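Worksheet: one structure, shown below.
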Amino acid sequence: MPIASSITPVQDSRFVESTLSLSRDTAPPVRPLIAGSLFAILACVLTGPFDTDVLPLPSRLVFWLVLIGWNSVKWWLWYGWVGPRTTDRRTAVLAAVVGALLLNATLPLEIDLMFRAIGRPLELSWLGLYLMALLVAGSISALIAALRGPRAVPVAPIVSTPSLLAQRAGLPDLAGALSVTAEDHYLRLVLDDGRRPLVLFRMGDALPELAGFQGLQVHRSAWVARRQVAGARRDGRRWLLVLADGSEQAVSETFLPAVRAAGWLQTKL
């Protein structure tokens, strides 16, 4: 029981942290939000909605500056919280509508308090204020959400990493490998630049890494690239591949059908 009681608060704190977390990526951009808020303040100062046209110009400016500024902060926080949880167009529209219902619930009180703060208390219809604000905010928010659609999910770039054999040989990849042959517990790589590194590696582990290149396993201890084969010749009952550097590589009976199917035995020397 003591162990369980010590673990539970950690789980609860993680739940609270994930629930209350905000994302700057999904919140509205700050500069366009400020520009839009200033435009809305100017429009309201000039038109005087909610009976604010009876106020002197300085009082009207303060009224709408505080009211619209505060509501812009509320909407920014709302989308910062709900944005990561919207995965498609339907949830984006739903978030906008629910935000309009919740955030505008306090708007009549805020308007009443602003009138009282500037010394001009008025008898206002709270229901009418709420419905008007709900209609405007809900329509604009739903339209923006519908046009914006689901949030883009960033895709991590695919970074190709060298195969283990290439790393052991100090190569970016195995594209330059002409042949790979086993020497005890090591592999000898013949590269197209003339190098012949010796790497501690197993042939069974190397073959899957060579599968993406044009070549064949011709012996249990040898893999050869197609461009390294210059021809083939018979030596009694066995076949030998003549390589581009003049060396020869025996083909075992096990891999002879694959080598013949690839056409490597057609050029006889």
Side-chain angles (χ1 to χ4, degrees), residues 14 17-18 21 23-26 29 83-89 91-92 148-269:
R14 290 178 179 177
E17 182 180 356
S18 63
S21 61
S23 172
R24 293 178 60 91
D25 296 332
T26 56
R85 296 158 180 82
T86 57
T87 56
D88 52 26
R89 190 177 301 277
T91 54
R148 186 177 64 176
R151 64 187 181 94
V153 179
V155 179
I158 300 176
V159 179
S160 60
T161 56
S163 66
L164 185 57
L165 178 57
Q167 293 181 29
R168 295 272 182 90
L171 303 172
D173 53 51
L174 297 175
L178 297 178
S179 67
V180 179
T181 54
E183 297 182 8
D184 294 329
H185 299 293
Y186 293 82
L187 295 182
R188 174 74 67 183
L189 279 68
V190 177
L191 306 178
D192 53 9
D193 61 2
R195 289 181 294 163
R196 301 169 62 92
L198 188 64
V199 181
L200 180 61
F201 212 78
R202 295 189 305 176
M203 176 62 74
D205 295 331
L207 291 172
E209 300 185 8
L210 294 166
F213 301 95
Q214 292 188 352
L216 290 175
Q217 183 181 11
V218 299
H219 195 276
R220 68 175 184 177
S221 61
W223 177 93
V224 179
R226 175 65 185 90
R227 66 183 188 278
Q228 176 71 340
V229 178
R233 70 179 185 86
R234 291 292 297 266
D235 180 21
R237 298 184 56 183
R238 66 173 186 165
W239 280 93
L240 298 175
L241 294 178
V242 181
L243 307 182
D245 59 2
S247 62
E248 296 180 337
Q249 171 62 53
V251 179
S252 66
E253 291 292 332
T254 303
F255 302 100
L256 185 59
V259 173
R260 179 177 284 110
W264 290 13
L265 305 180
Q266 294 178 1
T267 306
K268 298 181 180 179
L269 298 178

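Computed over heavy atoms, backbone and side chain alike; hydrogens, waters and symmetry mates excluded. Bear in mind that the values here come from a model prediction, so they are computed numbers and not experimental data.
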Tell me, please, which residues at least two apart from Ser247 pass side chain to side chain donor-acceptor pair (under 3.5 Å).
-> Asp245

Trp264 side chain near Leu216 side chain, heavy-atom distance below 4.5 Å | yes

May I ask you to test the Val224-Leu243 pair for a side-chain heavy-atom distance under 4.5 Å?
-> yes

Can you list the residues that meet the side chain to side chain donor-acceptor pair (under 3.5 Å) rule with Asp235, with sequence neighbours excluded?
-> Arg238

Side chain Gln217, main chain Ala222, donor-acceptor under 3.5 Å = no

For residues 248-258, which side-chain donor-acceptor pairs fall under 3.5 Å, sequence neighbours excluded?
| from | atom 1 | to | atom 2 | distance (Å) |
| --- | --- | --- | --- | --- |
| Glu248 | OE1 | Arg233 | NH2 | 3.0 |
| Glu248 | OE2 | Arg233 | NE | 2.6 |
| Glu248 | OE2 | Arg233 | NH2 | 3.2 |

4.5 Å side-chain heavy-atom contact, Leu171 and Leu189 | yes

Kindly state each residue pair satisfying side-chain hydrogen bond (donor to acceptor under 3.5 Å, both in side chains) with at least one member in residues 170-182, sequence neighbours excluded.
-> none

By side chain to side chain contact (heavy atoms under 4.5 Å, CB included), which residues pair with Asp193, not counting sequence neighbours?
-> Leu191, Arg195

Residues passing the side chain to side chain donor-acceptor pair (under 3.5 Å) test with Glu183, sequence neighbours excluded, are Arg188

Who are the side chain to side chain donor-acceptor pair (under 3.5 Å) partners of Arg168, not counting sequence neighbours?
-> none

Could you list all the side-chain hydrogen bond (donor to acceptor under 3.5 Å, both in side chains) pairs where at least one residue sits in residues 218-229, not counting sequence neighbours?
-> His219-Ser221

Correct closest heavy-atom pair for Leu187 and Ala182 would be CD2-CA, 3.7 Å

Going by heavy atoms in the side chains, are Leu241 and Leu265 under 4.5 Å from each other?
-> yes

Smallest heavy-atom separation, Pro197 atom then Ala169 atom, equals CG-CB, 4.5 Å

Where do Gly204 and Pro208 come nearest, in terms of heavy atoms and distance?
-> O-CD, 3.2 Å

Sorted by chain and residue number, the side chain to side chain contact (heavy atoms under 4.5 Å, CB included) partners of Arg202 (sequence neighbours excluded) come out as Asp205

